Amino acid sequence: MVSPSGWPNLTTYREVVQDPATAFADPELRQCQPAVNPLGLPIVLSGGFAGTFHLIGPREWAVRCFIRPVPDLTERYRHIAEFLQRHPRPYFVPFEYHEQGICVDDQWFPIVKMAWVRGETLGRAVAKRIADPATLEALRDQFCAIALDLEGLGAAHGDLAHDNILLTDSDRLVLVDYDSMYVPGMPMSHSIALGHPGYQHPGRLAEHFDATIDRFAAAVLYMALDALSLAPALYQKRQSDDTLLFSQQDLLRPLESPLMRELDQLYKGQPPERQRPWRNFRILLNLPFERLPSFERFLGRHLTTVAASMHRYDVRRPYPVLDAADRDQLLAHVGQYVEVHGTVRTVVSRKTRTGRPCLFVNFGKYLGGDFYVVLWEEA
């Protein structure tokens, strides 16, 4: 099924991907089979613009299928691919953009094909290692080196966040999801997305599209990893599961944030070289987007104190907010991240045919097609 935007939704892609030999134009992908869930359906990881399938064959691939149009899609990915070829880095995953990649109802749609990276998101990695300060410091330093190198290349990822950074099985950090990336020489004048609001400056606009768009997010990620390495108990005090430490409210209203006050006390007892980034971070939160310092300067120099507080920006939701009872809106957003509000009517515990536990969280009568959430064993 093609959505009103003219692009397939993830349900449709999942049906097509079950037969890779007819779905894909690429010979390597034709030889693969998709990774499947306990129901035998292809597993898909959804994002803002695309869903990602895991294809397994002689080699393993991540295949991104787009669910809505992206301005200048082909041109953007051409520039990014050429940049990665000229500047190979261990934290990048080289990819191929195929304009005629997957066939749905006799119509071809683009895909991005890249090697499958075995590992876990930075968020999961931190959660598992929260009691190991030395490892958290190592992750901080590795991320710091990546951010500085990317800044030195004059490029920016555009959506730095804990779920767009993977820790591989060999303990190497890798950046994924290049939809919002900026590289030198791109003729585009705007971002196609503004990134996760829990990491982004609230004053960032679509017109901000250059090498500076990672500055705020890089500082947020650095300080989150640094603070957690000093005080792992802070992880249990987070106000949001969508970030490593800071909530959007912490960044928007730092003077009203109990977490910020607690961190002020924490860093007072640290050596000067460890205090400096925190002091700079507190200043950075009061700066407009256009005056943000480079990441290198944020780490190495005392920033000038500013008296004026940051403009009181509105809270930005990371995803569309939908009513659990609004069937039409829910179906219109299939395959996308959304925030659903509703009343849980029943919770039912079941087991799969293989004996694995699962939980149905019902916002109505699931047999009648109402909205429900299934939590598998992993959740």
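Note that the coordinates shown come from a computational prediction; the quantities given were computed from them, not determined experimentally.
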Donor-acceptor pair, distance only, cut-off 3.5 Å: does the side chain of Arg129 make one with the backbone of Thr135? no
What pair of heavy atoms forms the shortest contact from Phe289 to Thr212, and how long is it? CE2-OG1, 4.0 Å
Residue pair Val36 / Leu41, side-chain heavy-atom distance below 4.5 Å: no
In a check of side-chain contact (heavy atoms from CB on, under 4.5 Å) between Leu252 and each of Pro197, Pro202, Ser257, which one passes? Pro202
Kindly determine whether Arg76 and Ile192 satisfy side chain to side chain contact (heavy atoms under 4.5 Å, CB included), including the steps that lead there. CA-CA 10 Å; Arg76 285 178 187 272; Ile192 60 173; 3.2 Å; yes
Closest non-hydrogen atom pair between Ala211 and Ala156, with its separation: O-CB, 4.0 Å
Within a strict 4.5 Å, meaning less than it, do heavy atoms of the Tyr13 and Trp7 side chains meet? yes
Is the closest basic N to carboxylate O distance between Arg64 and Asp179 below 4.0 Å? yes
Using the side chain to side chain contact (heavy atoms under 4.5 Å, CB included) rule, take Cys65 and Phe53 through it: C-alpha gap first, then chi angles, then the decisive distance, then the call. CA-CA 8 Å; Cys65 300; Phe53 293 92; 4.0 Å; yes
How long is the straight-line distance from CD1 of Ile165 back to CD of Gln142, given to the nearest 0.5 Å? 10.0 Å
Would you compute the distance between atom CG of Leu285 and atom CG of Asn280 and round it to the nearest 0.5 angstrom? 11.0 Å
Under the 3.5 angstrom rule, does the side chain of Asn9 hit a backbone N or O of Thr12 as a donor-acceptor pair? yes
Residue pair Pro357 / Ser349, side-chain heavy-atom distance below 4.5 Å: no
For a quick test of reading the model, state the closest non-hydrogen atom pair linking Leu244 to Gly123 and the distance between them. CD2-CA, 3.8 Å
Here the salt bridge (charged side-chain N to carboxylate O under 4.0 Å, His left out) pairs for residues 136-151, sequence neighbours left out, are Arg89-Asp149, Glu137-Arg274, Arg140-Asp226
Between Glu96 (side chain only) and Lys113 (backbone N and O only), is there a donor and an acceptor less than 3.5 Å apart? no
Leu39-Ile56 co-clustered via ILVMFWY side chain contacts under 4.5 Å: no
Go through the structure and list residues passing side chain to side chain contact (heavy atoms under 4.5 Å, CB included) with Pro58, not counting sequence neighbours. Gln31
Heavy atoms of Leu228 and Tyr235 approach each other most closely as CD2-N, 3.7 Å
Same cluster (ILVMFWY, side-chain, under 4.5 Å), Leu73 and Met188: yes
How about Phe95 and Tyr77: are their ring centres within less than 6.0 Å of each other? yes
Please check this pair: side chain of Asp105 against backbone of Gln107, looking for a donor-acceptor N/O pair closer than 3.5 Å. no
Determine yes or no for a side-chain-to-main-chain donor-acceptor pair under 3.5 angstrom, with Ser180 supplying the side chain and Ser191 the backbone. no
Between Arg68 (side chain only) and Phe49 (backbone N and O only), is there a donor and an acceptor less than 3.5 Å apart? no
Face-on cation placement of Arg350 at Phe360 ring, 6.0 Å and 45° thresholds: yes
Which residue pairs satisfy the ring-ring contact (aromatic ring centres under 6.0 Å, His included) criterion with at least one member in residues 111-147, sequence neighbours excluded? His54-Trp116
Using only atom types and a distance under 3.5 Å, with no angle test, would you say the side chain of Asn164 pairs donor to acceptor with the backbone of Asp177? no
Side chain to side chain contact (heavy atoms under 4.5 Å, CB included) for Glu15 and Thr11? Distances and angles first, verdict last. CA-CA 6 Å; Glu15 293 174 358; Thr11 301; 4.2 Å; yes
Does any non-hydrogen side-chain atom of Arg118 lie less than 4.5 Å from one of Asp169? yes
Under a 4.5 Å cut-off applied to non-hydrogen side-chain atoms, are Trp108 and His98 in contact? no
Identify whether Leu139 and Leu230 are in the same connected component of the hydrophobic contact network (ILVMFWY, side-chain heavy atoms under 4.5 Å). yes
What distance do Phe363 atom CZ and Asp323 atom CG have between them, rounded to the nearest 0.5 Å? 10.5 Å
Could you tell me whether the side chain of Tyr178 and the main chain of Val93 form a donor-acceptor pair under 3.5 Å? yes
Same cluster (ILVMFWY, side-chain, under 4.5 Å), Val373 and Leu359: yes
Working note: Glu207 + Ser189, criterion side chain to side chain contact (heavy atoms under 4.5 Å, CB included); need CA distance, chi angles, decisive distance, verdict. CA-CA 6 Å; Glu207 291 73 27; Ser189 60; over 6 Å; no
Does the ring center of Phe209 lie less than 6.0 Å from the ring center of Tyr182? yes
Can you confirm whether more than 12 heavy atoms, excluding those of Arg124, are under 6.0 Å from its CZ atom? no
Check side chain to side chain contact (heavy atoms under 4.5 Å, CB included) between Ser170 and all other residues, then give those that pass, not counting sequence neighbours. Thr168, Arg172
Is a side-chain N or O of Asp159 found less than 3.5 angstrom from the main chain of His196, in a donor-acceptor match? yes
Would you say the side chain of Ile130 lies within less than 4.5 Å of the side chain of Pro232, judging by non-hydrogen atoms? yes
Show your working on side-chain hydrogen bond (donor to acceptor under 3.5 Å, both in side chains) between Thr243 and Tyr199 and close with a plain yes or no. CA-CA 8 Å; Thr243 63; Tyr199 292 97; 5.0 Å; no
Which residues satisfy the side chain to side chain donor-acceptor pair (under 3.5 Å) test with Asp326, sequence neighbours excluded? none
Rounded to the nearest 0.5 angstrom, the CG-NZ distance for Leu245 and Lys237 is 11.0 Å
Minimum heavy-atom separation for Leu287 and His201, please, with both atom names. O-NE2, 2.7 Å
Beyond-backbone contact of Val63 with Asp26, side-chain heavy atoms, under 4.5 angstrom: no
Can you confirm whether more than 12 heavy atoms, excluding those of Tyr222, are under 6.0 Å from its OH atom? yes
Suppose we screen for ring pair (Phe, Tyr, Trp, His ring centres under 6.0 Å). Which residues come up paired with His87, at least two apart in sequence or across chains? Phe83
Would you say the side chain of Leu263 lies within less than 4.5 Å of the side chain of Arg282, judging by non-hydrogen atoms? no
Considering non-hydrogen atoms only, spot the tightest contact between Ala224 and Phe246 and give its length. N-CE1, 3.8 Å
d(Met181 CE, Phe92 CZ) to nearest 0.5 Å is 3.5 Å
Are more than 12 heavy atoms, taken from residues, nucleotides or ligands other than Glu75, located less than 6.0 Å from that residue's CD atom? yes
Donor-acceptor pair, Asp214 side chain versus Gly158 backbone, under 3.5 Å? yes
Leu225 side, atom CG; Cys144 side, atom SG - distance, nearest 0.5 Å: 10.5 Å
